[in-house]
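Worksheet: the structure to be examined is printed underneath.
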2 protein chains.
Amino acid sequence: MPADTRGDNVDRVLEQWRAERPALDAAPMGVVGRVQRACRLLEKGLGDYFATQGLQLWEFDILATLLRSGPPYRLTAGALGASAMVTSGAVTNRVDRLVKRGLVDRETDPDNRRSVLIGLTEEGRALVDTALSGHVANERRLLESLDPEQQDALAGLLRTLLVDLGDAPGEGGS
Amino acid sequence: MPADTRGDNVDRVLEQWRAERPALDAAPMGVVGRVQRACRLLEKGLGDYFATQGLQLWEFDILATLLRSGPPYRLTAGALGASAMVTSGAVTNRVDRLVKRGLVDRETDPDNRRSVLIGLTEEGRALVDTALSGHVANERRLLESLDPEQQDALAGLLRTLLVDLGDAPGEGGS
DNA sequence: CGAAAACGTCTTAATGTCGAACTGTTCGAC
DNA sequence: GTCGAACAGTTCGACATTAAGACGTTTTCG
């Protein structure tokens, strides 16, 4: 058994910095680096499940965003882009493909013809509805190394961070 | 002032699920979603700093990986790809561009001619050395909403998660 | 009322990644 | 030793994203 089976790859990185730059306090790297790696590994885990459902991560993301918005399951292109943190060009492209698959439809907003409302079709609603519970179960499995209290603690710390980084509802204005 | 200035955008999402699917325990979404959003916002924050240094995030990533590996500041292409979690094709492309900028050089491993060793040039070493302290200071600023104990707690929780997800040093084999 | 600014989406061009096929190298079995 | 399998990088094609600008719509305000 190797000496240090303990720790993750970020611990290795921090050890390297300690050896190479003893004067550098690299603690912030331990946090940022782990958020990045956890994100990639979690998204890989999510993608593995969606693949079994014939879905891409981003497809489920859009469909689920529409579903949770409640009846009539319609949002503007801009709202979808903000939710997914992608540009308007990406929204156009993604919606195009979902329309081709018959999972959503486009409709110009009657009250504001600049806006486009994207709505779930019956088929899209059924598909996301089916995938939803399996998705959450999969997320629960990915997080099973943390007990419920730890998961709450993790969510709480990240909430604090996110609010500070500007990821808050009313945070768009001057 | 709007009613709920409290909470982040993920709190909004969870509220929507409670309204639309009361039977669904969406707690895992609160964790996974926050890791994703924090990752994107942090990477945006990192990129803003690197832009001031004439660097891309991935450029610093490669240069810093080489630097912290210690003298002689040389790693194989495979090691760089594993560290950055990208495919070998991406490594080839990135190293090509860094070679063009004169920041790294390529050399076939004399002991194993399949391998390519990528090494920091003097110019590359100087550049990453200059950017390093500013980068860490920037990370510290991005995390300033959490006190040191909270940052440690966050790192610890993520370490547990990462180890379980397979992000551990000796975790390649059967 | 009309011109100009702001807005929301789509379009286009440039870029970067992945996945798979390909080239060359090394190791193991016979 | 030689053959074949595993390995390390590179190349190529498909695809998706971003950034910037175009287009039509709405709002502002003189």
Side-chain angles (χ1 to χ4, degrees), chain A residues 36 39-41 43-48 50-51 54-62 65-66 74-101 104-119 172-174, chain B residues 36 39-41 43-48 50-51 54-62 65-66 74-101 104-119 172-174:
Chain A
Q36 289 179 296
C39 181
R40 280 159 186 62
L41 291 172
E43 288 189 343
K44 184 168 190 57
L46 299 184
D48 288 347
F50 288 130
L55 278 171
Q56 302 284 323
L57 180 50
W58 63 262
E59 289 178 311
F60 177 85
D61 193 30
I62 289 183
T65 301
L66 291 170
R74 256 171 221 296
L75 291 172
T76 65
L80 286 177
S83 172
M85 301 177 101
V86 295
T87 60
S88 64
V91 173
T92 299
N93 181 23
R94 292 176 178 191
V95 171
D96 280 348
R97 282 177 287 167
L98 287 173
V99 169
K100 277 199 190 89
R101 281 189 66 174
V104 305
D105 53 30
R106 250 191 265 249
E107 173 194 17
T108 56
D109 186 340
D111 296 336
N112 183 347
R113 294 203 308 259
R114 288 177 298 188
S115 280
V116 174
L117 294 174
I118 290 101
S174 59
Chain B
Q36 290 179 294
C39 181
R40 281 160 186 59
L41 291 172
E43 289 189 342
K44 184 169 190 56
L46 300 184
D48 288 347
F50 289 129
L55 279 171
Q56 301 284 323
L57 181 49
W58 64 263
E59 289 178 313
F60 177 85
D61 193 30
I62 289 184
T65 301
L66 291 171
R74 257 173 220 295
L75 291 173
T76 64
L80 286 176
S83 172
M85 300 178 102
V86 297
T87 62
S88 62
V91 173
T92 298
N93 181 23
R94 292 177 177 190
V95 171
D96 279 349
R97 282 178 287 166
L98 287 175
V99 169
K100 277 199 191 88
R101 281 189 64 175
V104 305
D105 52 31
R106 251 192 264 251
E107 171 193 20
T108 54
D109 186 340
D111 295 337
N112 184 346
R113 293 204 309 259
R114 288 177 297 189
S115 278
V116 173
L117 293 173
I118 290 102
S174 60

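Atoms considered below: every heavy atom in the structure, side chains included; atoms not considered: hydrogens, waters and symmetry mates. Just so it is clear: chains get the letters A, B, ... in the order the sequence lines come, proteins before strands, and each one is counted from 1.
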Original post:
B/E107: what forms a side-chain hydrogen bond (donor to acceptor under 3.5 Å, both in side chains) with it, not counting sequence neighbours?
Top reply: B/R74
Original post:
Got a sec, which residues hit side-chain hydrogen bond (donor to acceptor under 3.5 Å, both in side chains) with B/D109, two or more places apart in sequence or on another chain?
Top reply: none
**OP:** Working to the nearest 0.5 Å, report the span between CG of A/N112 and CG of A/L117.
**Re:** 9.0 Å
Just how far, in rounded Å, is [atom2] of [N] from [atom1] of [X]?
X: B/E107; N: D/dA8; atom1: CD; atom2: P; result: 18 Å
X: B/R106; N: D/dT10; atom1: CZ; atom2: C1'; result: 9 Å
X: B/W58; N: D/dT17; atom1: CH2; atom2: P; result: 21 Å
X: B/K44; N: D/dA19; atom1: NZ; atom2: C1'; result: 12 Å
X: A/L80; N: D/dT17; atom1: CG; atom2: P; result: 14 Å
X: A/L57; N: D/dA16; atom1: CG; atom2: C1'; result: 14 Å

**OP:** Identify the two heavy atoms, one from B/I118 and one from B/L66, that lie closest to each other, and give their separation to 0.1 Å.
**Re:** O-CD2, 3.3 Å
Subject >> Who pairs with C/dT17 - Watson-Crick or G-U, where each distance is under 3.5 Å >> reply: D/dA14
Original post:
Under the side chain to side chain donor-acceptor pair (under 3.5 Å) rule, what pairs show up with a residue in residues 76-91 of chain B, not counting sequence neighbours?
Top reply: B/R68-B/S83
**OP:** Identify the 5'-most and 3'-most nucleotides of DNA chain C with at least one atom closer than 4.0 Å to a non-hydrogen atom of chain B.
**Re:** C/dG16 to C/dT26
For [X], salt bridge (Lys or Arg N to Asp or Glu O under 4.0 Å) partners two or more places apart:
X: B/R101; result: B/E59
X: B/R113; result: none
X: B/D48; result: none
X: B/R114; result: none

**OP:** Kindly state which residues belonging to residues 108-119 of chain A come within less than 4.0 angstrom of DNA chain C, counting heavy atoms of the residue only, listed by number.
**Re:** A/R114, A/S115, A/V116
**OP:** With a 4.0 Å heavy-atom cut-off, tell me which residues in residues 90-98 of chain B come close to DNA chain C, sorted by residue number.
**Re:** B/A90, B/N93, B/R94, B/R97
**OP:** Using the side chain to side chain contact (heavy atoms under 4.5 Å, CB included) rule, take B/I62 and B/R97 through it: C-alpha gap first, then chi angles, then the decisive distance, then the call.
**Re:** CA-CA 12 Å; B/I62 289 184; B/R97 282 178 287 166; over 6 Å; no
Original post:
Residues two or more places apart in sequence or in another chain: which of them pass side-chain contact (heavy atoms from CB on, under 4.5 Å) with B/A84?
Top reply: B/D61, B/V86, B/R94
**OP:** Tell me what B/G89 touches on the nucleic acid: a base, only sugar-phosphate, or nothing, going by heavy atoms under 4.0 Å.
**Re:** base
